[in-house]
Amino acid sequence: MHKVLIPTKLSDVAANTLKTAGYEVIQDADTPLDVQVTQHPDTTALIVRSEKVTSDIINALPYLKLVVRAGAGYDNIDIVYARKKNIDVMNTPGANSNAVAEEVMALILAHYRHIVPADATTRQGLWEKKKYMGHELTRKTVGIIGLGNIGRNLVKRLQGFEPMLLGYDHFLARQRALNIGVTPTSIEDIFSQCDIVTLHVPGGPATRNMVSTELLNRMKDGAVLINCSRYGVVDEEALAEVKASGKKIYYLTDVHPQDAPGEKPSAAVADLMMPHLGASTVEANTKAAKRAAEQMIAYFSEGDTSCVVNGESPIGLNPSNLLLANLLAEVARKAGGDKPIRRVDCTFYGNLRSYRKWFTAPILEGLLPNAEKGLMPVAAEESLREHGIVFKARDPKDDMPYEDSITLNVAMEENGEYHHTIVRGVVAEGIPMVSRINAINGLYVDLRGTTLFFHYKDKPGIIAIIAAALSEQGINIDNIAAPTDHGSETAMTVIKTNKPVSDELLSNIAKQIEALFAFSMNH
C-alpha cells in the first residue's frame, strides 16, 4: 500500500479518490512540510501546490517514488535532484486555464463598470452615479497575446460580447487562429488598434519587459492593459513614465515578484490589482486535485509516465544524442529566421532509430524556447500539436552511411509561403556537432560554448572582416569552419569564440558582409 502525503490546502477529492483506490493518505495543510516528512518517513508519494520540495525534503523520504504538482508550474520542486534519486515528478497542466480566463473577464468588467470604487463610496453613503459612468465591453476590440490554453479559453468567454478579436502567437498556425475566432496579426498592431490588450505568455528572459515604452506609446488613450501572466512581462518603469507623460492607459494586474505579504511594485502604476488569484477557484482546485490523484493511480497501477516532467532516457541511449537533437532544433529555428514553424520531419540513422520517440521533447525545446521543459514523449507530441506543428519521426529510406546521426527538416511559414531548413548532426567523442546546414556540408562544428554562424555569398575577404571585427572587441577565435557550396555560390563561416558576442556586434558584422543570415548560440 502506498502512503501519500498532501501537505497543502487542496480539495479533498484527491484524498478521497486515493483512499477509495486503497492508498493511505495524510492531508495536513497546517504543519510545515519539513516537519511532516520527519513524522512520515515512509511516504512514497507527495501531492503539493506551492510547497518547496527541496533536496533536504527528498533526502528525508527514503521511499519516495513520485511527486505530483497540482498545477502547471513546478519550479518549486528540485526536479534535477529528484531525477538523481530516481523520483518522478508530474504536473497537471491546463487545470487552471479556465479560472485565469474568467479572472480576466472579471477584471475587465470590474474596471469598465467601476465595481470596486462604486461599492466603497456607496457604503460610505455617497451616490456618485455621474462619476462612475462606465463603458460596455460589447463590440470592443480585444487583443490576446498568447493563444495557449488560457488564451483560447478567453476567446470562448469573450465571444458573447461580440468583440473584434485580434491575436498574436508566434507558434500558432494562422488558420488555427482563424478557426477559433481570432484574427492573427502582429504585436504592434494589437497595441495600436485594441481597446483591451491581455497578456498570456510565459515568464523568463524571452518575455522580460516585452511590453516596452514603444508598445505602450502605441496604445490608444483610455486603452486597458491586463497582465495575468507573469511579473516582469510588462516594463512597469516604462509604464509609469508613459502614464506620467499624460497618456491614459489603465493597468490591471494579478502578478507580483513574490506571492507574499508586503509592498507591491505594481501599486504605483496599477489601476486594479489582486493577490495572484488567477487559479484560486474551488473548481480549479478541485480539477487539479482530481487530476493529480488520477495521474498518481495510473502511475502506480499502470506504469503511466506520460505526465512525468523529469523523465530520463532509456538504457542504451547516450544523453549526448538528446542534447544534439535539442541543439540541432535550435540551429534550424535560428537559421530559418525564427519564423513560425509548421512541420518537422526527423530522420534517425544507425542505432538511434530504435529510440525515435525519446527525441521528441528535446526537439520541442529547441524549436520552441518557451515550451514546457522535460516532457515525456507523449506529452511533448501533444505540445507540438497544440502549437500547430506537424511532427514526424521516421527511419531513413535508404542506408546512407551517416552512422548514429540525426537530420531535421523544419518547414516555416512566412506570408503564406513555406521555407525549409535542413540540418544534420552527429555525436563524436561525446561532443554534439552540426555537420550540415541546408546545402552547406562538412561543417562538423562543436555546438557547445559560444558559436557564431554566418551565411553569405561567397567572395574573398569575408573571414578577414569577421575576424577583424571580433578582434577590435577583444574576442578571440577558438576554432573556425568555412565550407563553400559551389552550386549556390554561397559559403558559411562558423566560429567558436572565447566569450559571448553581443547582438549589436553580430548585427554589425552581418551588415558588413551582407549576410544571408547570421546568428549565435551560447551553451
Side-chain angles (χ1 to χ4, degrees), residues 323-341 366-367 369 402 405-415 417-429 431-523:
L323 176 59
L324 171 67
N326 174 261
L327 296 176
L328 287 177
E330 182 179 345
V331 170
R333 170 171 58 82
K334 290 186 172 182
D338 261 321
K339 301 179 186 73
I341 298 166
L367 294 174
Y402 295 137
S405 63
I406 301 170
T407 298
L408 303 182
N409 184 337
V410 180
M412 303 182 186
E413 182 182 10
E414 184 178 44
N415 299 324
E417 295 185 2
Y418 283 81
H419 307 268
H420 290 260
T421 301
I422 300 173
V423 298
R424 180 179 297 126
V426 65
V427 171
E429 298 181 2
I431 299 170
M433 308 183 80
V434 59
S435 60
R436 172 190 174 185
I437 300 178
N438 293 327
I440 305 292
N441 283 288
L443 286 165
Y444 293 100
V445 173
D446 181 357
L447 291 172
R448 303 170 304 173
T450 297
T451 314
L452 313 180
F453 296 78
F454 300 97
H455 186 214
Y456 49 87
K457 285 291 184 180
D458 188 28
K459 56 185 176 182
I462 296 294
I463 296 176
I465 294 173
I466 298 171
L470 294 172
S471 177
E472 287 177 6
Q473 299 298 318
I475 298 172
N476 289 331
I477 295 175
D478 291 341
N479 203 350
I480 186 170
T484 299
D485 174 46
H486 295 291
S488 63
E489 298 183 343
T490 64
M492 184 172 292
T493 295
V494 183
I495 293 175
K496 298 195 69 62
T497 61
N498 66 329
K499 57 184 177 181
V501 173
S502 69
D503 291 340
E504 182 181 6
L505 176 57
L506 186 71
S507 177
N508 288 339
I509 295 173
K511 289 177 182 176
Q512 287 185 64
I513 67 173
E514 299 179 334
L516 301 172
F517 67 66
F519 64 90
S520 66
M521 291 174 57
N522 295 285
H523 291 279

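Computation of the quantities below employed the complete heavy-atom set of this structure, encompassing side-chain atoms and omitting hydrogens, waters and symmetry-equivalent molecules.
- Annotation: side chain of Glu417 is in contact with side chain of His419 (closest heavy-atom distance under 4.5 Å).
- Contact annotation: the side chain of Ile480 never approaches that of Val494 to less than 4.5 Å [non-hydrogen atoms, C-beta and beyond].
- The nearest pair of heavy atoms linking Leu328 to Gly425 is CD1-N, 3.6 Å.
- Using a distance-only test at 3.5 Å, with no hydrogens or angles considered, a donor-acceptor pair links the side chain of Asn498 to the main chain of Asn476.
- Under the salt bridge (charged side-chain N to carboxylate O under 4.0 Å, His left out) criterion, no residue pair touches residues 483-493, with sequence neighbours excluded.
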Atom pairs and distances, side-chain donor-acceptor, residues 451-466, under 3.5 Å, sequence neighbours left out:
unit_1: Thr451; atom_1: OG1; unit_2: Lys496; atom_2: NZ; d: 2.9
unit_1: His455; atom_1: NE2; unit_2: Thr490; atom_2: OG1; d: 3.1
unit_1: Tyr456; atom_1: OH; unit_2: Thr493; atom_2: OG1; d: 2.6

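- Taking both residues in full, the closest heavy atoms of Asn441 and Pro483 are given as O-CB, 3.4 Å, listed atom of the first, atom of the second, then distance.
- Here the side chains of Ile406 and Leu324 are in contact, with some heavy-atom distance below 4.5 Å.
- The CG atom of Asn409 sits 6.0 Å away from the NE2 atom of His420 when rounded to the nearest 0.5 Å.
- Under the 4.5 Å side-chain criterion, counting only non-hydrogen atoms from C-beta, Arg448 is in contact with Pro432.
- In this structure, Leu443 and Val434 approach most closely via the heavy-atom pair CB-O, 3.5 Å.
- The nearest pair of heavy atoms linking Ile437 to Ala335 is CG2-CB, 4.3 Å.
- Checked by atom type and distance alone, the side chain of Thr497 pairs as donor or acceptor with a backbone atom of Lys499 at under 3.5 Å.
- The shortest side-chain heavy-atom distance between Arg436 and Ile422 falls under the 4.5 Å cut-off.
- Using a distance-only test at 3.5 Å, with no hydrogens or angles considered, no donor-acceptor pair links the side chain of Arg424 to the main chain of Val426.
- Arg333 is listed as a side-chain neighbour of Pro369, based on a closest heavy-atom distance under 4.5 Å.
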Kindly list each side-chain donor-acceptor pair under 3.5 angstrom involving residues 503-523, sequence neighbours excluded, with atom names and distances?
unit_1: Asn508; atom_1: ND2; unit_2: Glu504; atom_2: O; d: 3.3
unit_1: Asn522; atom_1: OD1; unit_2: Thr450; atom_2: OG1; d: 2.8
unit_1: His523; atom_1: NE2; unit_2: Glu330; atom_2: OE1; d: 2.7

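- Scanning both residues, Met412 and Ile341, for their nearest heavy atoms gives CG-CG1, 4.1 Å.
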